[in-house]
Amino acid sequence: MIWSVGLLCFMLFPAMAQDDVKTDKRKEKRDKIEAHRVAYFTEKMELSTEEAEKFWPIYNEHQEKKKEIRKELKEAMKNAKSEEELSDAELEKIMQLRFETDQKLVDLDKEYHAKYKSAIGIKKTAKLYRTEVQFKKELLRMMKERKEGPNGPPRKGPPARG
């Protein structure tokens, strides 16, 4: 009995350690992205120190609330079966939840639009919206480069002879 518990622990600890390493790497990546976001937005929006001190708490709160709203829909979608396996009523309920989620996000964006305007003014609020789109494109480009490498996508076919 003791041997089986010991053997089980011996087998589980490396798996748990690997999960910790994966979690640490994900957190490290998120932290790098967040640091890049702060630098990118601050530069592109031309935020002064005072503006940045007002802006970032509002922005972070806004993003956290968006995440909470999306989480509800994500949970419903995660627990749902494939569309073919759902009844019409179940599908309608999920689609209705999607509309409600979209509306909550729009309402939240309107609320925070007013907060941004009072903190950094309308011109920099407009820059915020443009910067968010640019930053997403930048992240996608960086991810693509990382995946493909610095010399573009991997070649198909036999290696070139020199």
Side-chain angles (χ1 to χ4, degrees), residues 12-83 94-95 97-162:
L12 286 178
F13 285 137
M16 290 170 56
Q18 285 179 343
D19 286 345
D20 288 346
V21 169
K22 286 180 185 176
T23 302
D24 289 346
K25 285 185 180 183
R26 272 192 223 122
K27 184 180 181 331
E28 189 176 305
K29 281 182 183 178
R30 275 194 309 265
D31 290 346
K32 281 183 181 178
I33 290 170
E34 192 55 33
H36 183 61
R37 177 191 321 270
V38 170
Y40 189 91
F41 278 49
T42 302
E43 178 187 336
K44 294 288 183 182
M45 292 172 60
E46 301 172 351
L47 294 175
S48 69
T49 305
E50 297 80 26
E51 289 169 328
E53 287 173 1
K54 292 178 188 175
F55 169 75
W56 284 109
I58 296 169
Y59 185 82
N60 292 334
E61 180 181 83
H62 185 194
Q63 297 309 305
E64 195 57 40
K65 287 185 178 183
K66 280 182 173 182
K67 192 187 325 183
E68 289 172 18
I69 291 170
R70 288 185 184 120
K71 188 177 178 181
E72 295 172 30
L73 179 62
K74 188 177 178 182
E75 288 296 319
M77 298 298 286
K78 187 170 76 171
N79 296 328
K81 306 168 208 140
S82 72
E83 292 165 357
I94 289 172
M95 288 192 274
L97 180 61
R98 178 174 226 131
F99 291 135
E100 290 168 7
T101 301
D102 289 347
Q103 187 61 54
K104 286 179 185 177
L105 289 169
V106 167
D107 293 343
L108 186 70
D109 286 347
K110 285 180 179 179
E111 175 188 338
Y112 277 84
H113 175 76
K115 291 181 180 186
Y116 293 135
K117 282 191 321 183
S118 72
I120 59 173
I122 189 65
K123 289 185 190 262
K124 291 198 178 178
T125 299
K127 282 184 180 182
L128 164 64
Y129 302 138
R130 189 178 25 203
T131 301
E132 285 180 315
V133 171
Q134 291 170 340
F135 183 73
K136 286 176 187 172
K137 287 179 183 178
E138 172 81 5
L139 272 184
L140 290 172
R141 183 191 60 74
M142 289 169 58
M143 289 168 54
K144 184 177 178 183
E145 279 181 7
R146 182 176 293 131
K147 181 179 174 186
E148 293 177 350
N151 299 323
R155 287 182 42 122
K156 296 191 182 202
R161 294 184 187 199

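Start at 1 with the first residue, then count along the sequence. Just so it is clear, the structure is predicted and the values come from calculations on it, not from any experiment.
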(Q) Let's go through L47 and K54 carefully: what are the C-alpha distance in whole Å and the side-chain angles of both, what is the deciding distance for side-chain contact (heavy atoms from CB on, under 4.5 Å) to 0.1 Å, and is it a yes or a no? (A) CA-CA 10 Å; L47 294 175; K54 292 178 188 175; over 6 Å; no
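- Within a 6.0 Å sphere centred on CE of M142, heavy atoms belonging to other residues, nucleotides or ligands number more than 12.
- By the 4.5 Å heavy-atom criterion applied to side chains, F55 and K124 are not counted as neighbours.
- A distance of 10.0 Å separates CE of M95 from CZ of R98, quoted to the nearest 0.5 Å.
- Put simply, NZ on K117 and CG on L128 are 13.0 Å apart, with the number rounded to the nearest 0.5 Å.
- Closest of all the heavy-atom pairs between I58 and A119 is CD1-CB, 3.6 Å.
- Each of K65, E68, Q103 was evaluated against L108; a single residue qualifies, K65, per the side-chain contact (heavy atoms from CB on, under 4.5 Å) test.
- Distance check, rounded to the nearest 0.5 Å: CZ of R70 to CG of D102 gives 9.5 Å.
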Q: Could you please spell out the steps behind the side-chain contact (heavy atoms from CB on, under 4.5 Å) verdict for W56 and V38?
A: CA-CA 8 Å; W56 284 109; V38 170; 4.1 Å; yes
Q | Candidate pair E64 and N60, rule side-chain hydrogen bond (donor to acceptor under 3.5 Å, both in side chains), full reasoning | A | CA-CA 6 Å; E64 195 57 40; N60 292 334; over 6 Å; no
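- Aromatic ring pairs are classed by plane angle as parallel below 30°, tilted from 30° to 60° and perpendicular above 60°; the pair Y112 and H62 is parallel.
- With rounding to the nearest 0.5 Å, the separation of CD in Q63 from CD in E132 is 6.0 Å.
- The side-chain contact (heavy atoms from CB on, under 4.5 Å) test with R30 is passed by exactly one of K27, E34, K32: K27.
- No salt bridge links E75 with K71; every basic N to acidic carboxylate O contact stays at or beyond 4.0 Å.
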**Q.** Steps toward side-chain contact (heavy atoms from CB on, under 4.5 Å) verdict (I120, K127)
**A.** CA-CA 10 Å; I120 59 173; K127 282 184 180 182; over 6 Å; no
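- Between H113 and Y129, the ring planes lie parallel to each other; the angle is under 30°, not in the 30° to 60° tilted range.
- Between K104 and E100 there is no salt bridge, since no side-chain N of the basic residue sits under 4.0 Å from a carboxylate O of the acidic one.
- Rounding to the nearest 0.5 Å gives a distance of 9.0 Å between CZ of F41 and CD of Q134.
- Heavy atoms only, all atoms of each residue included: F135 and I33 are closest at CZ-O, 4.0 Å.
- Ion pairing between a basic and an acidic side chain is recognised when a charged N comes within 4.0 Å of a carboxylate O; E138 and R141 show such pairing.
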Q | Candidate pair E51 and M45, rule side-chain contact (heavy atoms from CB on, under 4.5 Å), full reasoning | A | CA-CA 10 Å; E51 289 169 328; M45 292 172 60; over 6 Å; no
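- When all heavy atoms of P57 and A52 are compared, the pair lying nearest together is CD-O, 4.1 Å.
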